[in-house]
Amino acid sequence: MRHSLPMLRADMSITSALDRMLESGLSGLPVVDAQRHIIGFLSEQDCIPKLINASYHCDNRVTVNDLMRKDPLTVTPEDDVFELARIMGGAKPKLYPVVEDTKVVGIVTRHQVMLFLNKQLQSCSINY
């Protein structure tokens, strides 16, 4: 789990949010209120359709609230990594905010899950 990550606010301009997202190297970021309670999630996939029109017409009035997913999928620190890997193997998001008591405490990416699974596999002893 990555603990330090930028967060977005619903009232942010989309250009500010995209700057944060691109600088983070992540394909999405949680949207939080002043107490760090998760209220949404903004992904690259959420942005691209609206950005086509907004960038063509130079419309920078778009905010995070206009584009964010308001029912974000989240995990907790106690969730089973194998179950998360199974979910990620489908058409689900590539990253999940990690939430504890409705507050964002980190993010887990598909890459991190793959690293975990690889370590697990490497630690297996195969006896022939």
Side-chain angles (χ1 to χ4, degrees):
M1 172 174 63
R2 180 174 167 178
H3 292 281
S4 63
L5 70 144
M7 310 263 185
L8 304 177
R9 294 182 327 274
D11 62 347
M12 287 178 83
S13 71
I14 195 60
T15 54
S16 295
L18 288 174
D19 285 343
R20 282 194 187 174
M21 191 183 308
L22 294 169
E23 288 171 10
S24 75
L26 297 169
S27 61
L29 292 173
V31 182
V32 296
D33 64 14
Q35 291 77 38
R36 292 180 60 122
H37 295 117
I38 190 161
I39 59 170
F41 192 83
L42 185 68
S43 72
E44 293 170 340
Q45 186 174 357
D46 299 325
C47 294
I48 288 177
K50 182 69 174 180
L51 287 177
I52 293 168
N53 192 41
S55 63
Y56 181 80
H57 295 287
C58 293
D59 180 5
N60 60 4
R61 295 172 293 157
V62 178
T63 66
V64 168
N65 190 60
D66 296 330
L67 303 179
M68 72 181 192
R69 178 186 181 127
K70 292 178 174 68
D71 59 341
L73 300 173
T74 63
V75 296
T76 70
E78 294 80 31
D79 284 347
D80 183 68
V81 177
F82 291 103
E83 178 61 19
L84 179 57
R86 189 189 65 71
I87 292 168
M88 285 182 156
K92 297 292 180 183
K94 298 175 185 169
L95 63 155
Y96 287 81
V98 180
V99 175
E100 194 167 36
D101 297 323
T102 71
K103 291 186 179 185
V104 176
V105 295
I107 200 159
V108 64
T109 66
R110 186 179 290 170
H111 182 80
Q112 291 167 322
V113 170
M114 287 183 61
L115 287 171
F116 171 84
L117 294 173
N118 188 42
K119 279 186 181 178
Q120 281 294 118
L121 185 58
Q122 289 177 357
S123 70
C124 296
S125 60
I126 301 173
N127 297 318
Y128 289 98

Practice problem: Determine whether Val98 and Leu73 fall in the same hydrophobic cluster, where Ile, Leu, Val, Met, Phe, Trp and Tyr are linked whenever their side-chain heavy atoms lie under 4.5 Å apart. | Solution: yes
Quiz item: How would you list, by chain and number, every residue that makes a side-chain contact (heavy atoms from CB on, under 4.5 Å) with Thr76, sequence neighbours excluded?
Solution: Glu78, Asp79
Self-check item: side-chain contact (heavy atoms from CB on, under 4.5 Å) assessment of Phe41 paired with Val104
Solution: CA-CA 11 Å; Phe41 192 83; Val104 176; over 6 Å; no
Quiz item: Is Tyr96 linked to Phe82 within one hydrophobic cluster, defined over Ile, Leu, Val, Met, Phe, Trp and Tyr using a side-chain heavy-atom separation of less than 4.5 Å?
Solution: yes
Quiz prompt | Euclidean distance, Leu26 CG relative to Met21 CE, rounded to 0.5 Å | solution = 9.0 Å
Self-check item: Least distance between heavy atoms, Met88 atom then Val108 atom
Solution: CE-O, 4.1 Å
Exercise. Spell out, as yes or no, whether a donor-acceptor pair under 3.5 Å connects the side chain of Asp101 to the backbone of Lys103.
Key: no
Quiz item: When Met68 is tested against each of Val31, Asp46, Thr63 for side-chain contact (heavy atoms from CB on, under 4.5 Å), which residue passes?
Solution: Val31
Quiz item: Do you know the tightest heavy-atom contact between Leu95 and Ser27?
Solution: CD2-OG, 2.9 Å
Exercise. Report, as yes or no, whether the 6.0 Å neighbourhood of atom CD on Gln120 holds more than 12 heavy atoms from other residues, nucleotides or ligands.
Key: yes
Practice problem: Hey, could you give me each pair passing salt bridge (charged side-chain N to carboxylate O under 4.0 Å, His left out) that has a residue in residues 7-23? Not counting sequence neighbours. | Solution: Arg9-Asp11
Exercise. Identify the two heavy atoms, one from Val62 and one from Lys50, that lie closest to each other, and give their separation to 0.1 Å.
Key: CG2-CE, 3.7 Å
Practice problem: Under the salt bridge (Lys or Arg N to Asp or Glu O under 4.0 Å) rule, collect the residues that match up with Asp71, sequence neighbours excluded. | Solution: Arg69
Self-check item: Atom pair CD1/CG of Ile39 and Leu8 - distance to nearest 0.5 Å
Solution: 10.0 Å
Exercise. Enter the distance from Asn118:CG to His111:NE2 here, rounded to the nearest 0.5 Å.
Key: 10.0 Å
Quiz item: If every non-hydrogen atom of Pro6 is compared with every non-hydrogen atom of Pro30, which pair is closest and at what distance?
Solution: O-CD, 4.3 Å
Quiz item: Does Leu51 have any side-chain contact (heavy atoms from CB on, under 4.5 Å) partners at least two apart in sequence or in another chain, and if so, which?
Solution: Ile14, Leu18, Cys47
Self-check item: Sequence neighbours excluded, every pair satisfying salt bridge (charged side-chain N to carboxylate O under 4.0 Å, His left out) that has a member inside residues 113-122
Solution: none
Quiz item: Taking it one step at a time, do Ser24 and Leu5 satisfy side-chain contact (heavy atoms from CB on, under 4.5 Å)?
Solution: CA-CA 7 Å; Ser24 75; Leu5 70 144; over 6 Å; no
Self-check item: Shortest non-hydrogen contact between Leu42 and Ala17, atoms and distance
Solution: CD2-CB, 4.1 Å
Exercise. Flag yes if more than 12 heavy atoms outside His37 fall under 6.0 Å of its NE2 atom; otherwise flag no.
Key: yes
Quiz item: When you measure from the side chain of Lys70 to the backbone N and O of Asn65, does any donor-acceptor pair fall under 3.5 Å?
Solution: yes
Quiz item: If you look only at pairs with a residue in residues 48-73, which of them pass as a ring-ring contact (aromatic ring centres under 6.0 Å, His included), with sequence neighbours excluded?
Solution: none
Practice problem: Would you kindly confirm whether Leu117 and Leu84 end up in one hydrophobic cluster when ILVMFWY residues are joined by side chain heavy atoms under 4.5 Å apart? | Solution: yes
Exercise. Drop me the distance from Glu44's CD to Leu22's CG, to the nearest 0.5 angstrom.
Key: 7.0 Å
